[in-house]
Amino acid sequence: MHLRLTDEQKMVQQTIRKFVEKELIPLENDVLRNEREGKPSLSKEKQEELVLKAKNAGFWGINTPEEYGGADLGQMMQAIVAMEVSKTFVPFQFGGSADNILYYGNEEQKKKYLIPTINGDKKSCFAMTEPGAGSDTQNIKMTAVKDGSEWVLNGEKTFITGGNEADFVMVIAITDKEIHQKTKGREGVTCFIADRDMGWDSEYIHTMGEWGPASLFFENVRIPKENILGELHKGYNLGLEWIGFARWIVGARAVGTAERLLQMAINYSKERETFGKPISERQAIQWQIADSAVEIEAARWLVLNAAFTLDQGEDNRHLASIAKLYGANMGTRVVDRVMQIHGGMGYTRELPIERWYREARLWRIYDGTDEIQRVIISRNLLKGHVKLGQYV
Ligand SMILES: Cc1cc2nc3c(=O)[nH]c(=O)nc-3n(C[C@H](O)[C@H](O)[C@H](O)COP(=O)(O)OP(=O)(O)OC[C@H]3O[C@@H](n4cnc5c(N)ncnc54)[C@H](O)[C@@H]3O)c2cc1C
């Protein structure tokens with residue numbers, strides 16, 4: 001057992017860190033200003049410039065298989081990169097990747113959807129959630145009815161990330177009501193790839209954060225049978241795979257963000273004086289710093305273990321739920337303490353803390369809420385699927 005990053009991992013961590021410090025953090029004031037004025041956080045030209053720089057630095061397709069032009073660096077690297085990039089709120093992601101479930105496509109689908117997504121020529125989104133079915137994904141109502149060589153989709157999806165910008169959606173719909181009922185929603189549903197120009201509409205949802213997901217509306221949208229992703233009636237597991245993939249990465253994001261915020265609080269506490277001395281000399285402040293540091297370290301190891309386990313080809317779902325639950329809660333606690341340490345300034349829009357405060361709250365809701373992670377973790381233990389201390 002070796003609890004340190006490898007030289008290669010350290011090198012990637014340092015390179016990404018420099019990229020974030022040199023290219024992204026200097027844009028933070030512009031992003032805050034743009035958002036205050038209701039403009040896009042970053043202009044299209046700036047986004048394109050950053051993409052080019054990331055490509056030139058070799059950070060493109062970090063986790064994409066080499067046969068698709070990626071670097072295929074594995075999940076540990078993915079975790080390390082996510083932690084570094086999350087040290088800024090500038091909305092930039094190292095691209096060159098595609099949704100995990102698109103790799104289940106046949107050759108034709110890979111050509112039409114997977115490769116253009118990796119290359120950044122097409123934008124995707126994934127739609128499972130509906131107004132009446134969030135945590136209980138088995139309860140979806142959207143239907144797909146066969147008509148000749150096409151399927152006709154009707155229903156509504158909601159809270160779909162990227163749903164306003166996407167060129168196509170991977171959408172889950174009921175294709176056999178009887179099987180769906182008999183299997184309590186686990187079968188009888190299918191994943192379809194639906195191009196926007198096949199006729200679905202989207203509507204922006206305003207949220208507490210600086211970006212919004214979308215509602216998607218399907219009214220007699222006709223989809224050719226060639227656009228079924230994976231197997232007919234077996235789309236539910238694809239959906240769970242999509243949701244599960246990003247789960248532990250939420251924890252990684254929380255670690256990166258919390259680390260940056262805590263550093264801000266440490267710096268500020270040494271500068272800010274009250275009653276004749278810096279607030280860093282007050283035990284009340286020191287304890288908030290200490291508690292935050294402890295929780296960040298705990299979350300970091302949970303995330304790295306979830307990533308490492310996946311890299312070993314093992315099932316990491318239990319660890320992913322633990323890393324997501326703890327990481328998301330740690331992140332919201334740390335941002336709250338950091339705001340407290342900054343006093344009134346923390347509450348203003350002069351500093352980015354309130355922005356992070358709003359953004360971090362989402363971590364406890366999407367990709368499975370706190371409560372659903374607890375349901376999963378306790379079920380695994382109560383049913384004996386996982387033993388305590390199994391993953392060391
Ligand atoms: C910004 C954003 C982006 C999103 N992106 C996507 C996306 O790209 N694609 C997609 O398909 N979905 C997406 N979602 C949907 C997201 O996954 C759901 O919001 C989430 O799963 C919760 O579902 P819900 O909102 O319907 O809450 P509900 O399921 O209605 O839950 C309400 C409350 O009840 C609790 N609860 C529910 N069931 C139980 C239970 N059995 N035991 C105890 N407590 C329970 C929940 O934890 C929650 O506190 C997104 C959501 C948001 C907010």
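None of these values were measured; they are calculated from a predicted model.
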Checking side-chain polar atoms at under 3.5 Å, does [X] have a donor or acceptor matched by the opposite partner on [Y]?
X: Asn63; Y: Asp72; result: no
X: Glu35; Y: Ser41; result: yes
X: Asp195; Y: Tyr113; result: yes
X: Arg272; Y: Ser280; result: no
X: Thr137; Y: Tyr236; result: yes

Residues [X] and [Y] bridged, charged N to O under 4.0 Å:
X: Glu48; Y: Lys53; result: no
X: Lys141; Y: Glu130; result: no
X: Glu28; Y: Arg260; result: yes
X: Glu354; Y: Arg349; result: yes
X: Glu359; Y: Arg355; result: yes
X: Asp147; Y: Arg222; result: yes
X: Arg33; Y: Asp30; result: yes
X: Glu165; Y: Lys123; result: no
X: Arg300; Y: Glu297; result: yes

Taking every heavy atom of Asp367 against every heavy atom of Ile243, the minimum-distance pair comes out as OD1-O, 3.4 Å
Minimum-distance pair of heavy atoms, taken over all atoms of Val171 and Leu153: CG1-CD2, 3.8 Å
Are the ring centres of Phe159 and Tyr366 closer than 6.0 Å? no
Taking the six-membered ring for Trp and the single ring otherwise, decide whether the centroids of Trp151 and Phe192 are under 6.0 Å apart. yes
Working to the nearest 0.5 Å, report the span between NE2 of His233 and CD1 of Ile228. 8.5 Å
CD1/Ile160 to CE/Met128 distance, rounded to the nearest 0.5 angstrom?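 It comes to 10.0 Å.
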Which donor-acceptor pairs under 3.5 Å do the side chains of residues 91-101 make with protein atoms, sequence neighbours left out?
residue : atom : partner : partner atom : Å
Asp99   : OD1  : Ser124  : OG           : 2.6
Asp99   : OD2  : Trp242  : NE1          : 2.9
Asn100  : ND2  : Glu241  : O            : 3.0

Hey, can you pull the donor-acceptor pairs under 3.5 Å for the side chains in residues 380-392, sequence neighbours left out?
residue : atom : partner : partner atom : Å
Asn380  : ND2  : His318  : ND1          : 2.9
Asn380  : ND2  : Ile376  : O            : 3.4
Gln390  : OE1  : Lys387  : N            : 2.8

Does NZ or CZ of Lys55 lie under 6.0 Å from the centre of the six-membered ring of Trp60, at an angle within 45° of the ring axis? yes
Taking the six-membered ring of Phe218 as reference, does the NZ or CZ atom of Lys157 fall below 6.0 Å from its centre and within a 45° cone about the axis?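 Relative to the ring axis of Phe218, which defines the angle, Lys157 lies outside at least one limit.
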Pairs in or reaching into residues 335-357: which pass ring-ring contact (aromatic ring centres under 6.0 Å, His included), with residues at least two apart or in two chains? Phe89-Trp356, Tyr268-His342
What residue among Gln13, Arg17, Gln75, Lys10 forms side chain to side chain contact (heavy atoms under 4.5 Å, CB included) with Ile80? Gln13
